[in-house]
Amino acid sequence: MARSSDGAPAGSAGSGEQDIARFVGRIGLVDHHCHGVLRDPLDRDGFESWLCEADGPGRWHGTMFDTQAGLAVRRFCAAPLGLAPHAGAEDYLARRAELGPDEVARRLLRAAGISEFLVDTGFRGDSLTLPNELAALAGAPAREIVRLESVAERMIVGCGATEFAESCRDALATAAVTAVAFKSIAGYRVGLDLAPDRPAASEVADAAARWASNVVTGAGRVLAELLELAPLRSVLFSTDGCGLPELFLVGAELFRRALSGFLVTGLADDAWSRRDAERIATLIAANNARRLPPRLSPTW
């Protein structure tokens with residue numbers, strides 16, 4: 001009998017693909033970066049404005065349902081809402097309105113197979129669910145990622161430039177008691193060419209003063225390419241879901257398919273054993289995220 005590189009009997013390519021897909025499908029994913037979901041109902045334009053990076057439906061590009069994200073929502077999110085896969089956009093939105101935002105979120109988040117959520121609370125916190133609310137909807141733990149810029153923005157408005165540095169330190173110390181991680185969006189705002197040295201207290205005070213003066217109160221190929229470049233223990237699953245619970249389910253489903261395809265290709269090429277494939281899947285899907293923050297326990 002033919003055997004694979006780890007000594008196990010070699011099955012057909014189709015059997016191996018199904019086995020890996022089933023294994024990946026059983027892993028409880030750790031979503032290492034996401035946001036909350038919207039609390040309030042949405043009309044069609046509102047829903048489409050959250051569906052992808054575009055502002056929403058428009059004269060020239062038409063409906064956002066005619067995007068990869070829109071097609072994926074109709075394919076993967078219809079069944080948990082009690083519709084046939086690929087249900088039409090009007091039927092999908094009507095069913096969504098009938099169920100209401102909480103029930104839609106419960107069904108879709110729980111169908112995603114995500115066992116833990118790490119939630120960045122620094123974006124649209126006034127309209128998106130907090131970690132405890134997301135956890136209640138999903139039936140799974142949700143922990144906060146604190147965005148440094150959000151803390152700084154609150155402090156510069158609340159205390160001004162004179163007490164800015166001390167207030168930030170106090171606020172971050174308080175947040176660290178429960179936060180699982182901190183993050184910064186400096187790369188989005190000013191690029192990654194940042195001076196590595198800690199600024200002097202006088203420089204912080206000067207920068208805070210300048211800032212205060214301006215404050216007015218009021219899927220598959222990509223994964224394969226990534227895994228060619230990055231160490232396997234440095235790759236973490238994330239939906240980056242925000243606003244729509246559909247984005248969590250779609251992100252999880254497309255990730256599982258892409259990861260399964262990548263691992264099956266490696267098995268077919270004898271690049272790794274079945275045992276290695278399962279270990280790699282568990283690392284990327286969950287344990288790499290569990291390994292980093294001290295409050296998450298890895299299931300090695």
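The local environment of CD in Q68 is sparse, with at most 12 non-hydrogen atoms from other residues, nucleotides or ligands closer than 6.0 Å. Within a 6.0 Å radius of CZ in R198, other residues, nucleotides and ligands contribute 12 heavy atoms or fewer.
Using cut-offs of 30° and 60° on the angle between ring planes, the pair F47 and F65 is parallel. Classification of the W272-F262 ring pair by plane angle, with boundaries at 30° and 60°, yields tilted.
A donor-acceptor contact shorter than 3.5 Å links the side chain of E48 to the backbone of M64. A donor-acceptor pair is defined here as one N or O able to donate and one able to accept, closer than 3.5 Å; no such pair exists between the side chain of E144 and the backbone of T121. A distance-only check finds no donor-acceptor pair linking the side chain of R147 to the backbone of K183 [under 3.5 Å]. Here the side chain of N287 pairs no donor or acceptor atom with the backbone of T282 at under 3.5 angstrom. S150 places a side-chain N or O within 3.5 Å of a backbone atom of G122 that can act as its donor or acceptor partner.
Taken to the nearest 0.5 Å, the CZ atom of R290 stands 11.5 Å off from the CG atom of L283. Rounding to the nearest 0.5 Å gives a distance of 13.0 Å between CZ of R107 and SG of C77. In this structure, F237 CZ and I27 CD1 are separated by 11.0 Å, a value rounded to the nearest 0.5 Å. Of the inter-residue distances, the one linking H35 atom NE2 with C242 atom SG reads 5.0 Å to the nearest 0.5 angstrom. The line from OG of S184 to CG of L194 is 7.5 Å long, rounded to the nearest 0.5 Å. In this structure, OG in S127 is found 8.0 Å from CG in D40, a value given to the nearest 0.5 Å.
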Practice task
Kindly indicate, with the supporting measurements, whether the criterion salt bridge (charged side-chain N to carboxylate O under 4.0 Å, His left out) is fulfilled by R95 and E98.
Solution key: CA-CA 5 Å; R95 178 59 173 163; E98 178 185 1; 3.2 Å; yes
Exercise for the section: Run the numbers on R44 and T63 for side-chain hydrogen bond (donor to acceptor under 3.5 Å, both in side chains), then give the verdict. Expected result: CA-CA 10 Å; R44 177 163 184 158; T63 174; 3.2 Å; yes
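The existence of a salt bridge linking R106 and E103 is confirmed by a sub-4.0 Å separation between a basic side-chain nitrogen and an acidic carboxylate oxygen. R39 has a carboxylate O that lies under 4.0 Å from a charged side-chain N of E133, or vice versa, which qualifies the two as a salt bridge. A salt bridge links R274 to D19: at least one charged side-chain nitrogen sits closer than 4.0 Å to a carboxylate oxygen.
Screening L137, L244, L108 against V37 for a side-chain contact (heavy atoms from CB on, under 4.5 Å) leaves a single residue, L137.
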